[in-house]
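Just so we're on the same page: letters track the sequence lines, and every chain starts at 1.
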2 protein chains.
Amino acid sequence: MSRQSDWLKARYAENFANAMPNYAIRQILLHAIEVFSKKGFAAAKIKDIAASAGFSQGYVYTYFKSKEEIFTQIVELAADGAGRAVAFAAELPGSPLDKITWLTEAFLAPDSIAMQHWRLILLQSAGSEGAPESAKRVSAEKMKRPFEHLIPIIVEGQKAGEIIEEDPMMLAITYFSTIQGLGIARIQTVGDLPFPSAEVVLRFMKKSPKGDGERDAHF
Amino acid sequence: MSRQSDWLKARYAENFANAMPNYAIRQILLHAIEVFSKKGFAAAKIKDIAASAGFSQGYVYTYFKSKEEIFTQIVELAADGAGRAVAFAAELPGSPLDKITWLTEAFLAPDSIAMQHWRLILLQSAGSEGAPESAKRVSAEKMKRPFEHLIPIIVEGQKAGEIIEEDPMMLAITYFSTIQGLGIARIQTVGDLPFPSAEVVLRFMKKSPKGDGERDAHF
DNA sequence: GTCTATACGTTGATAGAC
DNA sequence: GTCTATCAACGTATAGAC
C-alpha cells in the first residue's frame with residue numbers, strides 16, 4: 001500500500017540497529033518511542049515502557065540513567081529520522097512536486113514511523129508537554145534539518161512553476177504543520193474516517209490545479 | 001488586528017461569566033485552561049494551576065473534587081466554545097468561503113482562545129495524553145459539533161462552485177487538522193517565524209485559484 | 001542478565017487552624 | 001474564605017538477590 005512507508009521503515013530499522021548494538025537497549029528505545037509518542041513525557045511511566053518491551057521496571061535502569069535520558073535519546077533519534085526522510089526525498093528523481101508528494105505519502109501512511117517521529121519531536125520542542133530541557137534543546141537544534149532540506153525543494157518548485165510564489169519558509173511551516181495536524185488526527189481517529197490524499201494536502205502550495213478533474217469551474 | 005479573535009474572546013468571557021458565577025471558580029478554571037493546554041493533563045500540577053490563579057494548592061479542593069474533575073469541566077467548556085465559534089461562522093453573511101475564512105482567521109490569531117480550546121479538546125480525545133476517561137468521553141461527544149456546523153458550509157461552497165468536489169467530511173478533517181497543526185506550531189514558535197494567511201491555508205479546498213495573482217501559469 | 005524489594009521524593013487529596 | 005499541615009498513593013531510581 002505504501003512503498004514510501006516501507007522504505008522509511010527499512011531505513012530506520014537499519015540505522016537503528018547500527019547505532020544500537022545491544023538488544024535490550026534496542027527493545028527499550030523502540031517501545032519507548034511508542035509509549036512516549038502516545039502519552040507524552042509526563043504521563044508515560046517507566047513501568048509502561050518496560051512492560052511493553054517485556055522487561056521489569058527496574059531493569060531499564062541497567063542501561064539508562066533516568067527517564068529523561070531515554071526521552072532525550074529518543075527525541076534525537078526521531079529528529080534524525082525525520083531529517084533523513086526529507087533529505088532522501090530531496091534526492092529522488094522527478095519534479096520538485098513529485099518529491100514532496102513522495103514525502104507526504106510517506107508521512108501519511110497509516111503506520112508511519114516518520115509520523116511517530118514527527119509527533120515526538122514536536123511534542124516537546126513545544127514545551128507543550130512537561131518535557132525536560134535537554135530534550136527541548138536537542139529537538140530545537142535538529143528540527144532545523146527537515147526545513148533545510150525541504151526549502152530548496154520548494155524553491156526549485158517555484159522556479160519550475162509548480163509551486164506558488166510565497167515565502168518558502170512560510171510554505172514549509174504550513175506544510176509541516178499540516179502533516180503534524182493530520183498525524184495527530186490519525187491517532188484520535190478510532191474508526192475509519194476519510195483522510196486526504198497527498199494530492200489534496202499539497203493543493204495549498206500547488207500553483208495551477210488544472211487537470212485534477214475540475215468540472216465547470218467557470219460554467 | 002483581528003476582530004474575529006476579539007469577538008470570540010468577548011463571547012467566551014460572557015458565556016463563561018454566566019456559567020460560573022463564583023470568582024474563585026472562574027479564576028481557577030481560567031488558569032487551568034492555560035496550564036493544561038500548555039502542559040497536558042499529566043504534567044500539569046494542581047500547584048501550578050493554584051499558583052497561577054493566585055491561590056494555595058489546597059484551596060483548589062474547596063471547589064473541585066479532583067484534578068480530573070477540573071480537567072473534564074475545562075474540556076467541556078472548550079468543546080462548547082469551539083462548537084460555538086463554528087456555529088457563529090455558519091450564520092455570518094457572505095459566501096461559504098467568506099465564512100470559513102472568518103473562522104480561520106479567528107483560529108489563527110496569535111492569542112486565539114479558540115485555538116487554545118481546540119488544543120485542549122484534541123489533546124485528550126486523542127488519548128495521546130494520559131487523559132482521564134471522563135474527559136475523553138466528553139470530548140469525543142462534543143467534538144461532533146464543529147464538524148456538524150462546518151460540513152454544511154462546505155457543501156454550500158461546493159454548490160456555489162467555490163470548493164472542490166471531494167468528500168466534505170474529508171475536507172473538514174483536513175481543515176481542522178491543519179488548524180490544529182498550525183496552532184501547535186504557534187506555541188513552539190519562539191520568535192517570529194512566518195505564518196500562513198487564511199488565504200493560503202484554505203487553498204487546499206478552494207476550487208479555482210484564478211485571480212490570486214498567479215502569473216504565467218501556463219506560459 | 002534479569003528480577004524483587006525498597007528508599008526517597010513528589011503530588012493528589014483531606015483535615016483542621018486562622 | 002483561605003492557608004498550613006499532613007496522609008496516602010504513586011513513580012523514579014537504587015541495591016542487592018538469583
Side-chain angles (χ1 to χ4, degrees), chain A residues 17 20-75 120 123-124 127-136, chain B residues 17 20-75 120 123-124 127-136:
Chain A
M20 302 288 149
N22 180 302
Y23 173 77
I25 294 182
R26 270 204 313 273
Q27 270 330 78
I28 293 168
L29 286 178
L30 226 42
H31 289 265
I33 290 179
E34 205 184 310
V35 175
F36 276 131
S37 86
K38 272 190 198 147
K39 297 197 177 184
F41 180 75
K45 310 302 173 200
I46 295 289
K47 206 174 83 180
D48 300 337
I49 297 169
S52 171
F55 297 116
S56 71
Q57 189 263 355
Y59 185 55
V60 170
Y61 290 90
T62 312
Y63 298 103
F64 298 93
K65 201 178 93 282
S66 66
K67 182 179 171 182
E68 180 171 334
E69 194 197 3
I70 301 178
F71 189 72
T72 307
Q73 282 200 28
I74 281 180
V75 167
L120 257 177
L123 252 173
Q124 27 56 44
S128 88
E129 239 295 290
E133 279 306 316
S134 53
K136 289 186 201 174
Chain B
M20 300 288 147
N22 180 302
Y23 173 76
I25 294 181
R26 270 205 311 274
Q27 272 327 80
I28 293 169
L29 286 179
L30 227 42
H31 289 265
I33 289 179
E34 204 184 311
V35 176
F36 276 130
S37 87
K38 273 190 198 145
K39 298 196 178 185
F41 180 76
K45 309 302 172 200
I46 294 289
K47 206 175 85 182
D48 300 338
I49 297 169
S52 171
F55 297 116
S56 69
Q57 190 261 359
Y59 186 55
V60 170
Y61 289 91
T62 311
Y63 298 104
F64 297 94
K65 200 178 95 281
S66 66
K67 182 179 171 183
E68 181 171 332
E69 193 198 3
I70 301 178
F71 188 73
T72 307
Q73 281 199 32
I74 282 181
V75 167
L120 257 177
L123 253 173
Q124 27 55 44
S128 90
E129 239 296 288
E133 278 306 316
S134 53
K136 289 187 201 174

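For the atom pair E69(A) CD and S134(A) OG, the distance stands at 9.5 Å (nearest 0.5 Å).
Atom-to-atom, CZ of R26(A) to P of dG1(C) comes out at 14 Å; the value is rounded to the nearest Å. Rounded to an integer number of Å, the gap from CD1 of I70(B) to P of dT11(C) is 15 Å. Rounded to an integer number of Å, the gap from K47(A) NZ to dA9(D) P is 15 Å. Taking atom CZ of F71(A) as the reference point, atom C1' of dA13(D) lies 19 Å away to the nearest angstrom. Separating the OH atom of Y63(A) from the P atom of dA13(D) is a distance of 18 Å, rounded to the nearest angstrom.
Applying the side-chain hydrogen bond (donor to acceptor under 3.5 Å, both in side chains) test to every pair with at least one member in residues 24-34 of chain B, sequence neighbours left out, gives these pairs: H31(B)-S52(B), E34(B)-K38(B). Sorted by first and then second residue, the salt bridge (charged side-chain N to carboxylate O under 4.0 Å, His left out) pairs with a member in residues 52-68 of chain B form an empty list; sequence neighbours excluded.
Across all non-hydrogen atoms, the minimal contact from I49(B) to I28(B) is CG2-O, 3.9 Å.
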Quick test: give all pairs of protein nitrogen or oxygen and nucleotides 13-18 of chain C nitrogen or oxygen below 3.5 Å, distance rounded to 0.1 Å.
residue : atom : partner : partner atom : Å
dA13(C) : OP2  : Y61(B)  : OH           : 2.7
dA13(C) : OP2  : K67(B)  : N            : 2.7
dA13(C) : N7   : Q57(B)  : NE2          : 3.3
dA13(C) : N6   : Q57(B)  : OE1          : 3.2

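Partners of Y61(A) under the ring pair (Phe, Tyr, Trp, His ring centres under 6.0 Å) rule, at least two apart in sequence or in another chain, do not exist in this structure. Applying the salt bridge (Lys or Arg N to Asp or Glu O under 4.0 Å) criterion to E133(B), with sequence neighbours excluded, gives K136(B).
Within the 4.5 Å cutoff, the side chain of Y63(A) has no heavy atoms near those of the I70(A) side chain. Contact of the L29(B) side chain with the F64(B) side chain is registered, since non-hydrogen atoms from C-beta on lie closer than 4.5 Å.
Within residues 49-56 of chain B, the residues that place at least one heavy atom under 4.0 Å from DNA chain D are, in residue-number order, F55(B), S56(B).
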